[in-house]
Amino acid sequence: MDLKMMTFLVVGATFALYIFIAIRARAASTSEFYVAGKGIHPVLNGMATGADWMSAASFISMAGLIAFKGYDASVYLMGWTGGYVLLAMLLAPYLRKYGKFTVPEFIGDRFYSKAARGVAILCLIVASLTYVIGQMKGVGVAFSRFLEVPFDTGVYVGMTIVFIYAVLGGMKGITYTQIAQYCVLIFAYTVPAVFISLQLTGNPIPQLGLGSTMSGTDGVYLLDKLDLICTDLGFKAYTAQKGSTLDLFLLTMSLMIGTAGLPHVITRFFTVPKVRDARSSAGWALVFIAILYTTAPAVGAMARLNLMDTIQIGEVGAPDGNLVYDDAPAWFSNWEKTGLLAFEDKNSDGRIQYYGPGLDDKAAGFGWQGNEMVKVDRDIMVLANPEIAKLPNWVIALVAAGGIAAALSTAAGLLLAISSSISHDLLKGILMPDITEKTELLASRIAMGGAIVVAGLLGLNPPGFAAQVVALAFGLAASSIFPALMMGIFNRRMNQQGAIAGMLAGLFSTLIYIFWFKGWFFIQGTNMAPDNAAHWFLGISPGSFGAVGAVINFAVAYGVSKVTPPPPEEIQALVENIRVPSGTGGASVG
Amino acid sequence: MSKASEYWMANIKLVALCIAIWFVVSFVFGIFLVDQLNTVRIGGYQLGFWFAQQGSIYTFVALIFFYAYRMNILDRKHGVHED
């Protein structure tokens, strides 16, 4: 069977599974639609959270990012996992005890203010919508690359599948589908990694293989060999630090706080039966995430090694040290066709020279006239891995299904967060408090449908800034949502004036800092200063500013609350109540 | 001190301990002291690099389960557990 047929079969089978689950798990009430009736087992919820969290970026882009950044990519590994520690200890159990449906609802109740709820809705929708664009785009890319159908068709198929199970099942349908999607994506990610680790080191566990010696050598460690090849070819050593320590620190911190403040992740902890379950479920979520996140460094390093070894076949500078272009393996030309890999024979010797800026002086002496790998898109690393390692077709088909599962599961979680904040917070909470549960359920389904259409359209015509807005999503979550939630729980004296002033200060300082360097509303040419380290304030990159925004939020909120009256007695009683686990209700209608 | 605030103080202590460990394994070992730790090796890994790309994540997982386990004990001790 050829690869295309095989891919159709595997992807088709996973879609059939998702739809089957959707029909079995229909939502009959608003509680089931928003929080799956609060009846999800903590381990299963952890698995669903893993799928919800790991997006097309985690599945496809992260290992490539690691491959080319080496040590510096640790910020993503630590940043996108460390947030779960904050979530488990500072937010999840208390928000579960509070026992309602959405993040803006908690903020509105705790700060006895519709304005606070409104600010939270705005942050949530901007953060989630920007995030979902990338997922829809990811589905389209996976389809066009593996099934050779047009990009648009891929997005429409993805929209239809999400529409079926998200509109029908709400959180209940999404959760059970995400459990299936987790299994698909983790299997698809680890199988090629195990094979490649075996080939290179003889150790089947990638996490150990990365620290092992290379097979066929007398005890040369893989990472040492990689460092050596990198420096020989004029790149910085793989394990060496390249960026500034302050920026690495702030970026890691921003990603951690942002992770803990992203509403679609927080909402997942509203679905477990008990406070106790919310704590352990965060642990299970991180177990399932860590399986991929600890495999990714091995995938990245081994892919980089394979790529450089393929091209630099002999001594650096020797006449026959570089691969003859006509001898390049099939995957090389396959990826050239997509434009994600590009070679240009600058010195017309028919061989491929791939080297970094550190070798520029010597290169001229070798008769080299510049790095000839003019484009190596980092996204091909995971997708091309099975081909590079010569793995069977079913593994390649599996990787396609895994990428689509990662994108769809994250998209569904985000869409639910958007639609519930529209139907539950905006409509029921602020505009039309008197609607019945049945009407609200209908409204939430319509909002979900609308959100899917908007996300799909944005995915079809991604605004030029699609890649940059992820920094915005994390920045908003870190600078506005996380501090407001944390102070709502840990500072009983925090009042509405302090919380609103803090949220606005955090939100606007972060927005302005990002827009200052990226352009107002990301419109090109409107930036106030060039986007590079020399112009950044203290060398802080715009993506790292969320942590600073969070500190501003905390400071302003604390200062303002000190000079304004304390919150009413019943609010202080609410805070006392959410701090203890006993007395948790089941699903309550808010 | 009331029973509820005793429980809350014990909780805060536990959280502070866990957050301190969280900070040390990721930011201190993985970023600030990475060069110093990289002089130590475990197998093919330099220790600082290992903390940044592997060790910190394992510690995060262990920390959450440790916290959940200790909180369950604390809940019972102070009589605020569910059911």
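In the text below, chain A, chain B and the rest are named by the order of the sequence lines, each starting its count at 1.
- No other option in B:Asn72, B:Leu14, B:Ile31 has as many heavy-atom pairs under 4.5 Å with chain A as B:Ile31.
- Atom-to-atom distance recorded for A:Leu223:CG and B:Gln53:CD is 8.5 Å, nearest 0.5 angstrom.
- B:Asp75 touches chain A through its side chain: at least one heavy atom from C-beta onward sits under 4.5 Å away, while N, CA, C and O do not.
- Contacts of B:Ile12 with chain A are made by side-chain atoms alone, with heavy-atom separations under 4.5 Å and no backbone atom involved.
- The distance from atom SG of B:Cys18 to atom CG of A:Leu90, rounded to the nearest 0.5 Å, is 10.0 Å.
- Heavy atoms of B:Tyr58 lying under 4.5 Å from chain A belong exclusively to its side chain.
- Between atom OG1 of residue A:Thr245 and atom CZ of residue B:Phe27 there is a gap of 13.0 Å, rounded to the nearest 0.5 Å.
- Once rounded to the nearest 0.5 Å, the distance linking CD1 of B:Ile64 with CG of A:Leu286 reads 4.5 Å.
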Where do B:Trp8 and A:Arg492 land on the side-chain contact (heavy atoms from CB on, under 4.5 Å) test, with the steps shown first?
CA-CA 12 Å; B:Trp8 186 245; A:Arg492 195 174 52 185; over 6 Å; no
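- Ring to ring, B:Trp22 and A:Tyr84 are not that close: their centroids are 6.0 angstrom or more apart.
- Contact annotation for B:Ser56: only side-chain heavy atoms (C-beta onward) come within less than 4.5 Å of a heavy atom of chain A.
- In plain terms, the two heavy atoms of A:Thr294 and B:Gln54 that are nearest each other are O-NE2, 2.9 Å.
- In this structure, B:Tyr67 OH and A:Met89 CE are separated by 7.0 Å, a value rounded to the nearest 0.5 Å.
- Minimum heavy-atom separation, A:Val275 to B:Glu82: N-OE2, 2.8 Å.
- Interatomic distance, CZ of B:Phe51 versus CE of A:Met78, reported as 11.0 Å (0.5 Å rounding).
- The aromatic rings of B:Phe23 and A:Phe249 stand perpendicular to each other, their planes meeting at an angle above 60°, with 30° marking the opposite boundary.
- Smallest separation of non-hydrogen atoms from A:Tyr71 and B:Ala52: CE1-CB, 3.7 Å.
- Taking all atoms of both residues into account, the shortest heavy-atom contact from A:Arg579 to B:Tyr7 is O-CE2, 3.3 Å.
- Contacts of A:Leu87 with chain B are absent, with no heavy-atom separation under 4.5 Å from either backbone or side chain.
- Residues A:Gly283 and B:Phe65 approach most closely at C-CZ, 3.5 Å, considering heavy atoms.
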